[in-house]
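Notes follow once the structure below has been shown.
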There are 2 protein chains.
Amino acid sequence: MASQSIKNIKELASKLNISVTTVSRVINGKARQYRISKKTEKTVLDAADKYGYAPNQFARGLKLDKSETIGVIVPDISNPFFAEIVMSIEKECKKNGFAVLIGNSGDDTEQERILIDHFKSKKVDGVIVAPVGITSKHLEEVFGAGMPMVIIDRTFPGLKIPTITSDNYGGAYVATKQLLDNNHKKIACIQGLNESQPNTERIRGFIDAMRSFKIPEEDIIITGGQFNIESGYCQSLRLLKGSKPPTAIFALNNLIALGVLQAVSELSLSIPEDVSLISFDEQTYSAFLNTPMSTIEQNKEEIGKISVGNLIAQIVGMEIDIELFVSVETKIHERQSIKKIKK
Amino acid sequence: MASQSIKNIKELASKLNISVTTVSRVINGKARQYRISKKTEKTVLDAADKYGYAPNQFARGLKLDKSETIGVIVPDISNPFFAEIVMSIEKECKKNGFAVLIGNSGDDTEQERILIDHFKSKKVDGVIVAPVGITSKHLEEVFGAGMPMVIIDRTFPGLKIPTITSDNYGGAYVATKQLLDNNHKKIACIQGLNESQPNTERIRGFIDAMRSFKIPEEDIIITGGQFNIESGYCQSLRLLKGSKPPTAIFALNNLIALGVLQAVSELSLSIPEDVSLISFDEQTYSAFLNTPMSTIEQNKEEIGKISVGNLIAQIVGMEIDIELFVSVETKIHERQSIKKIKK
DNA sequence: ATAAATTGCTCAAACGTTTGCGCAATTTAT
DNA sequence: ATAAATTGCGCAAACGTTTGAGCAATTTAT
């Protein structure tokens, strides 16, 4: 409850009969460094508190050329996957005194570019981006020009910007193995966007697991092409109504899994009696479905945490220990959506 | 692809042999107002584009005392309900050239206060807050001191800050009526945080609907006390295992509904045969549950849109047409989770 | 007693904009 | 031909900080 708010350092200084310089130094915790007496220091600190003085960040930023703010760009914050990552990023930033500006790219590379420009003019100290589209040129340009940057969720071939993704290969391998261990031999994988790196990696994990179990190539079924409900629904319908339906489905993300559920329900089939299911992406509701669903969880908190750590390291210029690529472990949740087939 | 980036207006001006003043005026679209010739204007605009010049927002903010940035505070961005509102806010802000800073209060009034202070020092032009806790004093102080502000999701008695909430009363009334119309006579309402205004309003809608159908007071069951899964789960268990279980449950938010689902499944009951269910909060998965769930949807996009509109009106000082309280209609989704009871 | 070192503080420039005021040059009115 | 109005632009102050350089007063060393 500031008795009477003061608007700038000059007012505060003159009220105390102390120079602006000294006040500034105390406020910035440089009293020791500049040999300000304990007494003066206390006077300033008390007054600053009493009058609720806080430095004008415009002036400060102008002088220091930094904002203590980072920008985050995701395709869609309303997707719980990204929302949780953003949550974690914000939490971590708060700890380090950084604010976070947010932007939705809406799966549009042009928006991504515009947002970065906007962030640049806002003088963010760095950006974290979950990129969309097929090219990373615009990102490399900005990074190359000196903007601290971290990429999350997916990467691009040959990218030289620090990147944090889930271990998509490993997660998919484990999921597939889970099905195989239950003696499923004919498994359909419903994939998402073909060219995207997470998809590619997950497919690779799926195929490798299948082959390691000596499943004949014709029983390694891969279908679909979009990370959304419709695609999951249509593909499931097609698969399950076919002459030789798979005994299990591996959905490559949460939305696809919802589509599978819809199709299964519509065909009056049940899980896991008629068809088994495992899905990438754990969600709050996964455990509460009529048949609790087995999933591969991505460690969103960890992804956020590591990316902020890495970004801040770049910002403060610790060249040391910035890893170019880090892969975050996934975790399997075994529930009741997988039927154990007798040998 | 700026051939060679230029770092400030002075460099650009001297490169063109034009004064800084003129360049500034052109960049800010004040060429007409200050009688800059079309020719000079074009020269400047072309060069700005060519060299990728964008004004330093610190200097600009310092001079103009505004940031074209707003702050948003929600209890938890990882909650899809808030995530979607934030999504809408960001979209609307982008249209108006505003950036958005985000903060999580994590259901802690103190965090709320800290975030607002932080935002203030970052010189945001206004804030939108989904408040937590029981008091709004700190918000009223800041608003009273001149900070443009909009409250969303819930309000406080006698609050004089513009507020946007869903029509919680109406939504609850409609939900309850839906059950009553299907001849349910014994309905349990599992509520969330007792003191919070959305909860109070929903309860009021529930009770009013029940009374208008002449349901005896002893069959108007209200239980629970937290907006989370556990509470929904425990209350459902208690209700359904009781001697005279209700024929229907009204869950006051999505998490409570998940708890109900869990309890129902655990007791090997089914929806709607054994118990009917309707829930506040539509979610992507609502339609994909084994029994697609009837819900009351809150119009998150509209809430975001209106709040930004209102906030910007405050920022630019249009005293006119800022409504102090707006209530956004909800929408019922009728699905298969309600059994029609024969008369 | 004097020189050197230390302590405690201040001066003033700089960061990159925006804008009120003013001044030539040109055009229009008389 | 002269006065008045208009056009096109620039000067310089101001916004609120931070910080290198410097200076007087005090303390310590000789």
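Note that the structure is predicted; figures quoted are calculated from it, not measured. Reminder, nothing fancy here: chain letters follow the sequence lines and each chain counts from 1.
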Within the structure shown, what part of the strands sits under 4.0 Å from [X] by heavy-atom distance: base, sugar-phosphate, or nothing?
| X | result |
| --- | --- |
| A/Asn28 | sugar-phosphate |
| A/Phe58 | nothing |
| B/Ser24 | base |

Heavy-atom neighbours of B/Glu140 CD exceed 12 at 6.0 Å: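 Buried by this count: over 12 neighbours within 6.0 Å.
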Neighbour count above 12 (heavy atom, 6.0 Å) for B/Lys305 NZ: no
Donor/acceptor link under 3.5 angstrom from B/Thr21 side chain onto base of C/dT19: yes
Any N/O donor-acceptor pair, B/Lys63 side-chain to C/dT18 base, under 3.5 Å: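 When only heavy-atom distances are counted, B/Lys63 does reach the base of C/dT18 through a donor-acceptor pair under 3.5 Å.
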Nearest-nucleotide 5' precedence on DNA chain C, B/Ala59 against B/Arg25: B/Ala59
Nearest-nucleotide 5' precedence on DNA chain C, A/Glu41 against A/Leu62: A/Glu41
Given [options], the nucleotide with the shortest approach to the side chain of [X]:
| X | options | answer |
| --- | --- | --- |
| B/Tyr53 | D/dC9, D/dT18, C/dT17 | C/dT17 |
| A/Lys7 | D/dG16, D/dG10, D/dT18 | D/dG16 |
| B/Arg35 | D/dT17, C/dG22, C/dT18 | C/dG22 |

Watson-Crick or G-U wobble partner of C/dT30, both distances under 3.5 Å: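 C/dT30 is paired with D/dA1.
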Chi angles and distances behind the side chain to side chain donor-acceptor pair (under 3.5 Å) call for A/Glu92, A/Asn96: CA-CA 7 Å; A/Glu92 207 58 23; A/Asn96 291 278; 4.6 Å; no
Under 4.0 angstrom between A/Thr22 side-chain N/O and C/dT10 OP1 or OP2: yes
